[in-house]
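Note sheet for the following structure.
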Protein chains: 2
Amino acid sequence: MPGSEQLLVDRIPTPIGELVIIADQAGKLRAVDWTDHEGRMLALLARHCRHGFDLHPRRDPHGLSRALKAYFKGDLAAIEPLETATDGTPFQHAAWRELRRIPAGRAISYAELARRIGRPRAVRATGLANGANPISIVVPCHRVIGSDGSLTGYGGGIHRKRWLLAHEGCETAE
Amino acid sequence: MPGSEQLLVDRIPTPIGELVIIADQAGKLRAVDWTDHEGRMLALLARHCRHGFDLHPRRDPHGLSRALKAYFKGDLAAIEPLETATDGTPFQHAAWRELRRIPAGRAISYAELARRIGRPRAVRATGLANGANPISIVVPCHRVIGSDGSLTGYGGGIHRKRWLLAHEGCETAE
DNA sequence: CGGCTGCTCGCGGTTTTCGGACATGGACAG
DNA sequence: CTGTCCATGTCCGAAAACCGCGAGCAGCCG
């Protein structure tokens, strides 16, 4: 079918569940999410690929799986150079770009994130944009927590957010 | 920009105004419309090419312009073998496919068209699908008229519909 | 008082929902 | 013969709902 995106998909195990990795032929990440939320992820993808897409299983596409495995083994910086390609509104892009500037081991509040993208009052909207992030872990939406230090929410489940922050050596309240 | 469609565009004069012809690299027609409705056409294209598209001027792409010129010179069958590639809903595709089965020189009613695609009661909807046709002339939406023989409507203007039907040797009321 | 808890309300981008318009025509009432 | 009503698919605009928040305030307890 002409015009339909040809995507590469791989799956890797992690201490907190299996991860699905989707890349395009240019080597850019299109989506990363937990297997048990695969439906939601595919729905997100489908919304942006109007012409449909084909998923081709491929071991370690463009070295992306290797990088993610390294991250889980303790090489936190392994995911930093990875390139991503996502659709989304200008507001969402601003939020996601800002997320990648948060270093591992740090966590900021939703209010702080809103401030950094120049929309200090769009606090709740920032939370929404966070939840719409198609690329878990690499775009570290888990590094944003409540102003009072509580973990608030996470698409993959709070326990994973807690694990990831601990893995990155971040002391958080609660 | 990766993922954006590369399209070829040409323009030809006709007795009833300039025509814009848009083809893809595979040689299939993507759109045909009158210059004075170009805005509407581009909007239609944009709706279906989410990732954007680039238009490259090209004389007579894949022989399509030549075929259309031949049609206007009297070789009515010249446009019949041309291949098209369009987006659209299943209902629209059914309508457009059925349109191409109407021979030059014939005109049927919206009700008859609705009957032929198996939705005898979706008469008005058929008119809408007709109006959403991106490929004027080649997909001959002008060959559909009111049950009482009146020309009803046409995206490019009624006068063009009348001219086209006369050009094809079709005697219509009004 | 000082500190903590819990509730309420406003914030703003995105998604969903809803109502209308339209390239018609047949049935039915007056 | 004329007017009215309705079926039917799709798009568009407006309006409302939805939330991965956070500040402000009342109430409660030592």
Side-chain angles (χ1 to χ4, degrees), chain A residues 37 40 43-44 47-48 87-96 99 107-115 117-133 136 140-162 164-165 173, chain B residues 37 40 43-44 46-48 87-96 99 107-115 117-133 136 140-162 165 174:
Chain A
H37 295 310
R40 183 176 62 107
L44 257 182
R47 185 182 312 149
H48 295 303
D87 289 296
T89 67
F91 180 84
Q92 289 171 331
H93 272 125
W96 299 337
L99 281 179
I108 67 175
S109 70
Y110 293 94
E112 172 63 20
L113 180 57
R115 221 173 346 248
I117 63 179
R119 296 276 180 58
R121 263 166 286 121
V123 185
R124 203 159 181 180
T126 302
L128 269 290
N130 236 4
N133 166 32
S136 290
C141 54
H142 58 276
R143 292 177 193 156
V144 185
I145 61 180
S147 279
D148 61 354
S150 66
L151 296 189
T152 62
Y154 184 64
I158 296 285
H159 64 288
R160 288 190 174 122
K161 188 170 185 176
R162 179 157 32 230
L164 289 168
L165 287 173
Chain B
H37 292 26
R40 182 178 62 106
L44 258 181
R47 185 185 312 148
H48 295 302
D87 290 294
T89 67
F91 180 84
Q92 289 171 329
H93 273 124
W96 298 338
L99 282 179
I108 68 174
S109 69
Y110 293 95
E112 171 63 19
L113 180 58
R115 218 169 354 243
I117 64 177
R119 296 276 181 58
R121 263 166 284 122
V123 185
R124 197 160 185 179
T126 302
L128 269 290
N130 236 5
N133 166 33
S136 291
C141 55
H142 57 277
R143 292 177 192 155
V144 185
I145 60 180
S147 280
D148 61 354
S150 66
L151 297 189
T152 60
Y154 184 64
I158 296 284
H159 63 288
R160 288 189 174 123
K161 188 170 186 175
R162 181 157 32 230
L165 288 172
E174 209 274 345

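Only this structure's heavy atoms are used, side chains among them; waters, hydrogens and symmetry mates stay out.
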Nearest non-hydrogen partners of [X] and [Y], listed with the distance:
X       : Y       : result
L113(A) : A95(A)  : CD1-O, 4.4 Å
A114(B) : T126(B) : CB-OG1, 3.5 Å
N133(A) : C141(A) : ND2-SG, 3.5 Å
I117(A) : F91(A)  : CD1-CE1, 3.9 Å
G146(B) : Y110(B) : N-CE1, 4.0 Å
A107(B) : I145(B) : CB-CD1, 4.1 Å

Find the runs of at least 3 consecutive base pairs, i with j, i+1 with j-1 and so on, that include DNA chain C, using Watson-Crick or G-U wobble geometry with both distances under 3.5 Å. C:1-10 with D:21-30, C:12-22 with D:9-19, C:24-30 with D:1-7
To the nearest angstrom, how far is [X] atom [atom1] from [N] atom [atom2]?
X       : N       : atom1 : atom2 : value
I145(A) : dG22(D) : CD1   : C1'   : 14 Å
L99(A)  : dG20(D) : CG    : C1'   : 12 Å
D148(B) : dC1(D)  : CG    : P     : 13 Å
H37(A)  : dG20(D) : NE2   : C1'   : 13 Å
D87(B)  : dT10(D) : CG    : P     : 14 Å
Q92(A)  : dG20(D) : CD    : C1'   : 14 Å
L113(A) : dC11(C) : CG    : P     : 20 Å

For a quick check of understanding: with a heavy-atom distance under 4.0 Å over all strands, which category does S109(A) fall into, base, sugar-phosphate or nothing? sugar-phosphate
What is the nucleic acid contact for V123(A), judged by heavy atoms within less than 4.0 Å: base, sugar-phosphate only, or nothing? sugar-phosphate
Closest nucleotide among [options] to the [X] side chain:
X       : options                  : value
A122(B) : dG13(C), dG22(D), dT8(D) : dT8(D)
R121(A) : dG13(C), dG9(D), dG12(C) : dG12(C)
A125(B) : dG9(D), dG25(C), dG13(C) : dG9(D)

Examine distances only and state if a side-chain atom of [X] and a backbone atom of [Y] form a donor-acceptor pair shorter than 3.5 Å.
X       : Y       : value
K161(B) : V144(B) : yes
Q92(B)  : T89(B)  : yes
W96(A)  : A132(A) : no

Would you say that more than 12 heavy atoms from the other residues, nucleotides or ligands in this model lie under 6.0 Å from the CZ of R40(A), or not? yes
Taking side chain as C-beta onward, heavy atoms only, is L165(A) less than 4.5 Å from H142(A)? yes
Between the protein and nucleotides 23-27 of chain D, which nitrogen or oxygen pairs come in under 3.5 angstrom?
none

Do nucleotides 16-23 of chain C as a string where each nucleotide becomes B, S or -: B if the base has a protein heavy atom under 4.0 Å, S if just the sugar-phosphate does, - if no protein is that close. ------BB
So OH of Y154(A) and CZ of R160(A): to nearest 0.5 Å the spacing works out to 8.0 Å
